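Here the structure is laid out as structure tokens; the discussion comes afterwards.
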Amino acid sequence: MDETVSTSSTSTPQTRKQFPFGDFEPKWQTYWQENSTFRAANPGEPGSEKPKYYALDMFPYPSGAGLHVGHPEGYTATDILCRFQRMRGYNVLHPMGWDSFGLPAEQYAIKTGQHPRLTTERNIANFKRQIQSLGFSYDWSREVATTDPEYFRWTQWIFLQLYQSYFDPFHKKAMPIALLEDAISEEPKRQEEWIENPFLAGAHLAFREARKEGDAPSKDELRAYLDEHRLAFVSEAPVNWSPDLGTVLANEEVEEWTAKGHTVVRKPMRQWMLRITDYAQRLLDDLDLLDWSDSLKEMQRNWIGRSEGAEVRFAVKGSEHEIEVFTTRPDTLFGATYMVLAPEHELVEEITTDEQKIAIKDYQQKAATKSDLDRTDLAKEKTGVFTGAYAINPVNGEEIPVWIADYVLTGYGTGAIMAVPAHDERDFEFAQQFDLPIIQVVQPPTDDDWQGFTGNGTSVNSASKEVSLDGLPTPEAKRKITAWLEEACLGSAQVNFKLRDWLFSRQRYWGEPFPIVWKDGHHEALPESELPLLPPDLDDYKPAGDGSPPLSKASDWVNLPDGSTRETNTMPQWAGSCWYYLRYLDPKNEKKFCDPQVDEYWMQPGGVDLYIGGVEHAVLHLLYARFWHKVLFDLGHVSTPEPFKRLVNQGLILGEDSQKMSKSRGNVVNPDDVVAQYGADALRCFEMFMGPLEQVKPWSMSGVEGVYRFLGRVWRLVMAEDQEGGWISSGQIVEEPASDEVQRAVHTAIKGVTEKLEGMNFNTAISDLMVLTNALTKEKHRPKEALEALALLLSPFAPHLAEELWSQLGHEKTLAYEPWPQHDDKWLTVDEVPLVVQVNGKVRAKLQVPADADKPALEALAKEAEGVQTWLDGKTIVKTIVVPGKLVNLVVK
RNA sequence: GCCGGCGUGGCGAAAUUGGUAGACGCGCUUGACUCAAAAUCAAGUGGACGCAAGUCCGUGUGGGUUCGAUUCCCUCCGCCGGUACCA
């Protein structure tokens, strides 16, 4: 390519750099690396006597596309705080790593036959180069990658902890399954535990004393009981299967992939699940311990979806069967005029009458072939079929028809409902559609229409011989009927969650293999000594398409000499990211995933001090990681009940056109280009100056230039150009003490920047630095101490420039551990302060008044002020408000 | 639909507990330097009227509380995010 042509055709003219960032940025990056400047001290090492600060970034998936400008946003924010805290005397842990398992590398392998490990390594190298070019103060000696066998050895080990544990309903925590195994065995050895744990005693009774003598439970029965309680278990339930991805997905992942155009259908398959639902209440309750944004907590609360109500059993007329329903409105039981089962409900076949059989079968088949999307999209019109059966309302003996309809979901509650059309929108619609009776049982508090009224009111038409709710307000009616149901053994108070168990297996190659083998149809844990279990090499990474995982093709690996076979599913990408923040603490430990003392040093109290990342993980990673952490906590492996004490979501950076950055729109900004043209410091500062961290905001190249000019001004405070265009120390620097005015500017900045860093208001902190810089630019003689203070204050934001200036000012060592400047109030107090004089709330004069003037003096000064009199003429002052240091407001009539 | 958040100059945004609206930056205008340009430095920049001093208007809309509201309360409108037959 002809070079002259290519330079003249580029839009950016070859302008001189404002400061030689291209020289000193790499220089300082090398310095930090060679001197291990940012190595964090673990307990026992020098430096660990300081208070600790742990700031964590959400580690990236190293994609082939490289870094985009969204990554450095959060990374810069944590880096600024880490550098700030080091200067304030903290031992700072600031690590980085790679969430490197994932589908893209595998898809590339399918196309090219190249092992995903090679692609992954290449991408990590590129990501690391890019991240290091931005001068983040990571302790690279703690770098981890989830694909590293020495890392996923412990991911597999944690899976085994889940597998070997059960959730104890009495203690409400995970406990070793060995306890349960002992309790149900013929001769329990640990009966002393039962005193403190009636659940174990109950399990024992269920298996022993309740049986007839000599009728010992079989091995299989015992095994099945334990498997039903493991936190990691195998289930045959319908799952989200994506034929074109060739794998199953978790509920939480479905939307992400369907949005990308993949199809997802429900299909019953045998899969590994994790019992996260057992932790639903604790995951909900412990949100209160966390310093997270309300909106994020709310998202988690909604996802967990707790609702209180009652379970009620309806007898089916003329049969032994009972239909169990969950309702949040037991007070409306008298208004139940029909029932609905989900089409997949197991009782459907049992209760359907002969005349209805064909219609029911037909409807079930249609429902089964509908994808979830169809089922919700057709929400406008309700469909359903009568089973021919009748149920008996337990409160009044009414016979009500039983229908099936796909607006009742099989996965929530009991998969069956009592329909109260008068006070439920969906039931109301359905009843209108099929002409079913609608009976009012709640009187609205206002004169709203009772039809379809779903709020709280007063019960009406709700009385039988045994129980009456009439006249009771809704909450009381709920309590009364629930108590009555419990007494009559017809139902009970019940709590339900939307949260489902976590589908934990994937039919992929590039993930952690399960440390599980199958023997005679039963799963068994691999001994810890066999970890890490590596995946086999394959010639062909293509999924079979029928749901059998790629690993099943490696028959040498799958089939073991003793006739058992390996589990061939792999773990989802979330597995590795569930605990990486713990491995950073003790990344080289070969005996444990993390030493308990090290955990305690960095995690106490409350967990990671600051975690910054994208909001897209609100219900995925952040819920999964909390769950794993709680299991590890219950089993005594970590010291805090929650992993991330404080969490902040950075806002998305949009393209210059205020649209989401995307290749197809052509509005993507590559950080490499910005660094080449303006330097890493300018990129960092601009990303922080754009606006509040949490806010969504558009990119602006001229904005980058503005910040770049600011950094150039700072540079020229210290450096001047010589005849040849080189940079020499500026002749305007003086060693004399600073003037009062300069001192005031410096100390105002120290106070402002410090407070703004504490509040994470990076944009206004930079603005304070600009104000100080502008003030110093105006000075002919610049006191060295003022420039030193500026360099220190600037160093968290623009560390390369600050280091360079610091060394130009005569210092030999890095400024990374220089004490953070302290402001002195004596420079901030002034003799005179501005005073605003208002008449009837409108500003009429601005005065300079003595700072120590008292209220009467201020009032007098205000009344005499020039320009105020004309507004007082002919009026009387009826009230005077004096706010010292601010204003005087004269109210006249 | 429901839940949460947000509406401030031409643009990104600032404004302790209610107390001078628009800090800082971009953009724009003018000047200095230059043969000229770039860069830099200096001054100005919410709107309307006015030669000017100045006056009036102004934080999505309409109302309320208050001596005083961008800030607190209510109504409506708009935008963003989450969720969606969850009984």
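Just so it is clear: chains get the letters A, B, ... in the order the sequence lines come, proteins before strands, and each one is counted from 1. The figures that follow rest on heavy atoms only: side chains count, while hydrogens, waters and symmetry mates do not. Note that the structure is predicted; figures quoted are calculated from it, not measured.
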I want to confirm an ordering. Mapping A/Arg844 and A/Lys879 to their closest nucleotides on RNA chain B, which one lands closer to the 5' end? A/Arg844

Rounding to an integer number of angstrom, what distance separates B/G7 and B/A13 when you compare their P atoms? 10 Å

Say we look at B/G9 and B/A23: how far apart would their P atoms be, to the nearest angstrom? 13 Å

Is B/C85 paired to anything, Watson-Crick or G-U wobble with both distances less than 3.5 Å, and if yes, which nucleotide? none

B/G78, syn or anti by chi within 90 degrees of zero: anti

Between B/U83 atom P and A/Met299 atom CE, what is the distance in whole Å? 8 Å

A/Tyr708 vs A/Phe19 aromatic rings, parallel, tilted or perpendicular, using cut-offs 30° and 60°? tilted

Roughly how many Å is it from CG in A/Leu409 to P in B/A84, rounded to a whole number? 11 Å

Does atom CD (A/Glu425) have a neighbourhood of more than 12 heavy atoms from anything else shown, all under 6.0 Å? no

Nearest-nucleotide pick for A/Gln18, side chain only, options being B/U83, B/C85, B/A39: B/A39

For the pair made of NZ in A/Lys660 and P in B/C80, what is the distance, rounded to whole Å? 13 Å

Give A/Ser307 one of three labels, base, sugar-phosphate or nothing, depending on what nucleic acid heavy atoms sit under 4.0 Å from its own. sugar-phosphate

Base, sugar-phosphate, or nothing: which does A/Gly305 touch, judged by heavy atoms less than 4.0 Å apart? nothing

Within the 4.0 Å heavy-atom criterion, would you say A/Ser700 contacts the bases, only the backbone, or no part of the nucleic acid? nothing

Can we call the ring centroids of A/Phe430 and A/Tyr338 under 6.0 Å apart? yes

Does B/C41 have OP1 or OP2 under 4.0 Å away from a side-chain N or O of A/Lys780? no

When you check every protein heavy atom under 4.0 Å of nucleotides 11-24 of chain B, what one-letter string (B, S, -) results, 5' to 3'? -BSS-B--BB--BB

Do A/Lys382 and A/Tyr407 form a cation-pi contact, if we require the NZ or CZ to be under 6.0 Å from the six-membered ring centre and within 45 degrees of the ring's axis? yes

Would you find more than 12 non-hydrogen atoms of other residues, nucleotides or ligands less than 6.0 Å from A/Asp854 atom CG? yes

Distance, C1' atom - from B/C28 to B/G10, rounded to whole angstrom: 9 Å

By the Watson-Crick or G-U definition, both distances under 3.5 Å, B/C56 is matched with B/G47

Could you tell me the Watson-Crick or G-U partner of B/G7, where both distances fall under 3.5 Å? Say none if there is no partner. B/C77

Integer angstrom distance from the C1' of B/A69 to that of B/U55: 23 Å

CG of A/Leu623 versus P of B/U83: gap in Å, rounded? 13 Å

Distance check, C1' atoms only: B/G44 and B/G22, in whole angstrom units. 16 Å

Can you tell me how far P in B/G12 sits from the matching atom in B/U66, rounded to whole Å? 36 Å

Counting any heavy atom closer than 4.0 Å, what does A/Trp292 reach on the DNA or RNA strands: base, sugar-phosphate only, or nothing? nothing

Electrostatic pair A/Arg306-A/Glu308, nearest N-O below 4.0 angstrom: yes

B/U65 versus B/C73 - spacing of their C1' atoms, nearest Å: 7 Å

Roughly, in whole Å, what's the span from NE2 in A/His617 to P in B/G81? 17 Å

note: A/Arg709, atom CZ; B/C41, atom C1'; distance rounded to Å ~ 13 Å

Scan every strand shown for a Watson-Crick or G-U wobble partner of B/C67, both distances under 3.5 Å, and answer none if you come up empty. B/G19

Watson-Crick or G-U wobble partner for B/C41, using a 3.5 Å limit on both distances? B/G31

Do the side-chain N and O atoms of A/Asp501 and A/Thr277 include a donor-acceptor pair separated by under 3.5 angstrom? yes

Please state the C1' separation for the pair B/C77 and B/G63 - nearest whole angstrom. 15 Å

With nearest nucleotide decided by heavy atoms, which residue, A/Gly413 or A/Asn302, maps closer to the 5′ end of RNA chain B? A/Asn302

What is the distance, rounded to the nearest whole Å, between atom OH of A/Tyr338 and atom C1' of B/A87? 11 Å

CG-CD distance between A/Asn667 and A/Gln659, expressed to the nearest 0.5 angstrom: 7.5 Å

Please report the distance, rounded to the nearest Å, between CZ in A/Arg716 and C1' in B/C41. 9 Å

Do A/Arg716 and A/Gln18 pass the side chain to side chain donor-acceptor pair (under 3.5 Å) test, and can you show the C-alpha distance, the side-chain angles, and the key distance before you say yes or no? CA-CA 9 Å; A/Arg716 288 191 305 275; A/Gln18 291 216 7; 3.3 Å; yes

